[in-house]
Amino acid sequence: RVAPGNGMRKESDAFLSRVSERAKSTRLGNITAARSVADAVRTSLGPRGMDKMVQTETGDVLVTNDGATILEKMNVQHPAAKTLVQLSKAQDIEAGDGTTSVVVICGALLEASLELLEIGIHPTIISECFQIGLDKSLGVLESMSSPVDLENREELVRAASTSLNSKVVAQHASLLAPLSVDAVLSIAGDERLGADLRNIRVVKKLAGTVDETELIPGLLLNQSAESGASGPTRIEKAKIALIQFQLSPPKTDMENSVIVQDYAAMDRILKEERTYILQLVKKIKATGANVLLIQKSILRDAVTDLSLHFLAKVKIMAVTDVERDEIEFISKTLDCVPIASPEALSGDKLGKAELVEEVSFGAEKVVKVTGISSSPDKPKTVSVLLRGSSQMVLDEAERSIHDAMCVVRCLVKKRAMIPGGAAPEMEVSVQLAKHAKQLPGHQGFCVGKYAKALEVIPYTLAENAGLNPIEIVTELRKLHAEGFQRYGINVKKGTVTDIGEEQVVMPLLVFTSALSLATEAVRMILKIDDIVMTR
């Protein structure tokens with residue numbers, strides 16, 4: 001006879017076996033999907049990394065090797081693979097640079113966790129051991145970092161140059177790196193506040209080359225001055241009014257219409273319109289304003305020929321079609337108040353500047369405002385005029401400048417620097433492997449795998465530079481085991497050298513952020529044992 005409990009036990013064992021198989025299958029699917037995304041951007045890592053040509057749904061084409069941009073444009077469907085897209089975006093927000101590295105590291109850690117799962121180690125144990133590895137890694141990175149003095153401009157330029165060396169516009173790094181440093185330092189607050197990059201405005205103009213890019217210590221407007229009625233295009237000792245109402249006759253509602261039956265009525269309407277606009281211009285002139293920035297309107301024209309004629313008569317320069325999202329930056333820069341209605345016009349709401357002028361670049365025109373006088377407690381802003389021979393070059397130059405500015409922002413936020421060229425990754429890997437030998441059982445084995453996974457960065461750097469990755473990584477590992485912390489891969493010379501002497505440096509925050517975010521993403525993916533679909 002079979003004991004009554006045996007049948008239930010068998011059913012329970014069979015159920016647990018099915019659940020276990022489903023969990024294994026889910027983890028394998030998640031890890032495979034996420035690794036495929038990491039492999040897609042792996043060839044873009046480093047100064048000799050390849051670029052990707054991305055064609056969007058609208059047919060636009062962009063060429064870039066920025067990890068965050070590539071992944072953002074990819075149409076990723078798998079939920080676990082989407083995690084890597086969000087991971088790259090999080091790194092872009094936190095550090096601005098290292099968006100490809102974070103995805104490549106995450107892919108390597110997932111590969112290591114798959115090997116550990118296949119030999120029967122529980123996902124929770126792997127997750128906890130990876131956290132132990134991360135904590136030790138951050139300590140190693142802190143010990144090999146060196147402090148940064150923000151007064152030392154050359155050191156900051158070297159860090160920005162390292163970021164630009166892997167970009168399409170790398171040949172212009174000698175111009176763009178100092179420009180990025182000057183832009184960020186001019187708006188930087190203290191270490192607690194950091195630098196808000198929203199206070200830097202980049203205006204792109206299609207004409208010329210990237211070499212003609214310049215930093216404007218003031219305000220740059222993408223619009224041109226209205227000169228239809230021979231109005232002024234250059235004003236000295238400017239008093240600037242930022243208005244959100246229109247200098248045109250009011251219109252009826254959409255459903256209504258005005259029927260004019262005789263010429264007398266038409267003359268009366270034209271006279272009223274003329275009087276209305278004249279009164280507006282007189283009000284503006286009475287405040288002392290000689291430059292008008294007029295917000296774009298979708299309901300009616302911002303200006304008419306008649307209003308431009310009156311403005312030209314009283315020597316007021318008009319700039320129209322200011323976008324709604326530009327209002328905050330302009331008012332912050334000029335230290336003026338946006339004026340919503342003619343009744344609110346007053347002299348104390350105006351901004352002041354030494355010079356407002358229209359500048360031409362071939363067929364393109366911009367309005368430049370310099371010598372702005374603002375209160376010292378107000379946040380400072382600067383503008384960058386970016387030039388390029390094509391739209392693709394302009395867009396990639398803008399992304400590259402943003403990354404370089406983010407590197408400088410990282411140094412303002414956390415004032416520590418580490419060598420580049422895969423030196424920190426290899427140092428962490430070697431030190432972690434030593435630490436793993438002192439840990440008991442599963443912990444030591446899992447932390448050892450975590451250490452080994454970090455070698456993916458030097459391996460990929462050497463591979464993308466056309467070097468022998470096995471030889472390079474072996475030599476680098478040997479040097480770091482002997483205590484040469486600053487040795488890394490010099491892709492220009494094709495060998496392992498002291499990266500500190502080559503002036504290849506990067507902010508500590510970039511790598512600590514990448515390592516923390518990648519480990520966190522891997523731990524989250526490991527904890528998933530099923531995918532539930534909802535409608």
Side-chain angles (χ1 to χ4, degrees), residues 30-111 162-170 172-173 176 197 202 204 210 386 388 390-407 420 422 456-457 459-461 463-465 491 506 510-511 513-515 517-518 521-522 525:
N30 288 345
I31 290 172
T32 305
R35 278 177 58 198
S36 65
V37 171
D39 290 340
V41 296
R42 186 174 162 178
T43 54
S44 298
L45 184 71
R48 296 289 170 87
M50 297 291 107
D51 300 330
K52 307 289 185 196
M53 180 177 278
V54 183
Q55 184 169 13
T56 62
E57 292 175 355
T58 56
D60 295 331
V61 175
L62 62 95
V63 178
T64 182
N65 63 0
D66 180 60
T69 306
I70 296 166
L71 292 175
E72 185 186 354
K73 300 294 181 184
M74 283 173 65
N75 187 11
V76 178
Q77 297 295 331
H78 196 283
K82 284 181 180 176
T83 305
L84 265 72
V85 178
Q86 292 161 0
L87 173 68
S88 182
K89 196 178 290 183
Q91 174 71 6
D92 194 35
I93 293 167
E94 177 64 23
D97 199 16
T99 52
T100 307
S101 301
V102 70
V103 176
V104 172
I105 291 171
C106 186
L109 291 175
L110 286 170
E111 189 173 351
T162 303
S163 169
L164 290 168
N165 281 338
S166 62
K167 307 296 181 187
V168 175
V169 292
H172 303 291
L176 299 181
L197 296 188
V202 178
K204 298 184 288 185
V210 178
L386 190 60
S390 70
Q391 194 60 46
M392 275 197 294
V393 171
L394 272 177
D395 293 341
E396 183 59 19
E398 183 183 24
R399 284 189 288 270
S400 302
I401 282 184
H402 175 263
D403 282 4
M405 287 176 179
C406 285
V407 164
V456 69
I457 297 293
Y459 189 94
T460 306
L461 270 182
E463 194 175 43
N464 289 350
V491 293
M506 60 188 277
V510 170
F511 188 46
S513 167
L515 205 53
L517 290 171
V522 171
I525 290 171

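Residue numbers start at 1 and run along the sequence shown. Just the heavy atoms: all of them, side chains too, but no hydrogens, waters or symmetry mates, feed the values below.
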I want to check something: taking the side chain as every heavy atom from C-beta on, are Ile31 and Glu111 in contact at a cut-off of under 4.5 Å?
no
Rounded to the nearest 0.5 Å, how far does CD1 of Ile525 lie from CG of Leu110?
5.0 Å
Could you report the tightest heavy-atom contact between Leu109 and Val522, atom names first, then the distance?
CB-CG2, 3.7 Å
Contact between Arg399 and Thr64 at the side-chain level, heavy atoms closer than 4.5 Å - yes or no?
yes
Shortest non-hydrogen separation from Ala465 to Val491 and the atoms involved
CB-CG1, 3.7 Å
Can you confirm whether Ser163 sits close enough to Met506 that some side-chain heavy atom of one is under 4.5 Å from a side-chain heavy atom of the other?
no
How would you list, by chain and number, every residue that makes a side chain to side chain contact (heavy atoms under 4.5 Å, CB included) with Ser101, sequence neighbours excluded?
Leu45, Ile457
Selection residues 80-89 - residue pairs positive for side-chain hydrogen bond (donor to acceptor under 3.5 Å, both in side chains), sequence neighbours left out:
none
For a 4.5 angstrom cut-off between non-hydrogen side-chain atoms, does Thr162 reach Pro47?
no
Can you find a pair of side-chain heavy atoms, one from Arg42 and one from Asn464, that are under 4.5 Å apart?
no
Where is the tightest heavy-atom contact between Gly96 and Asp403, given as atom of each residue plus distance?
O-OD1, 3.0 Å
When rounded to the nearest 0.5 Å, the distance separating CD of Gln91 from CD1 of Ile105 is 8.5 Å
Are His402 and Val202 side-chain neighbours, meaning at least one heavy-atom pair lies under 4.5 Å?
no
According to salt bridge (Lys or Arg N to Asp or Glu O under 4.0 Å), who are the partners of Arg48, at least two apart in sequence or on a separate chain?
none
State, with a plain yes or no, whether a side-chain heavy atom of Val41 is found less than 4.5 Å away from one of Val37.
no
List for me each residue that meets salt bridge (Lys or Arg N to Asp or Glu O under 4.0 Å) alongside Asp395, sequence neighbours excluded, and say none if there are none.
Lys204
Do Thr100 and Val104 have side-chain heavy atoms sitting under 4.5 Å apart?
yes
Which heavy-atom pair separates Cys106 from Leu84 by the least distance, and what is that distance?
SG-CD1, 4.0 Å
If only atom types and distance count, is the side chain of Asp66 paired as donor or acceptor with the main-chain N or O of Asp97 below 3.5 Å?
no
First locate atom OG of Ser390, then atom CG of Leu394, and finally report the distance between them rounded to the nearest 0.5 Å.
7.0 Å
Quick check: closest heavy atoms across Met53 and Val61, and the distance to 0.1 Å?
CG-CG1, 3.5 Å
Intermediate values then yes/no, side chain to side chain contact (heavy atoms under 4.5 Å, CB included), Leu71 and Val76:
CA-CA 8 Å; Leu71 292 175; Val76 178; 5.7 Å; no
List for me each residue that meets side chain to side chain contact (heavy atoms under 4.5 Å, CB included) alongside Val169, sequence neighbours excluded, and say none if there are none.
Lys167, His172, Leu176, Ala397, Ser400
For a side-chain contact (heavy atoms from CB on, under 4.5 Å) with Glu396, tell me which candidate from Asn65, Asp51, Val63 qualifies.
Asn65
Residues pairing under salt bridge (charged side-chain N to carboxylate O under 4.0 Å, His left out) where one sits in residues 100-110, two or more places apart or in two chains, turn out to be none
Please report the C-alpha distance between Lys73 and Thr56 in whole Å, then the side-chain angles of each, then the deciding distance to 0.1 Å, and finally whether the side chain to side chain contact (heavy atoms under 4.5 Å, CB included) criterion is met.
CA-CA 7 Å; Lys73 300 294 181 184; Thr56 62; 4.2 Å; yes
What heavy-atom pair brings Val102 and Ala514 nearest, and what distance separates the two atoms?
CG2-O, 3.3 Å
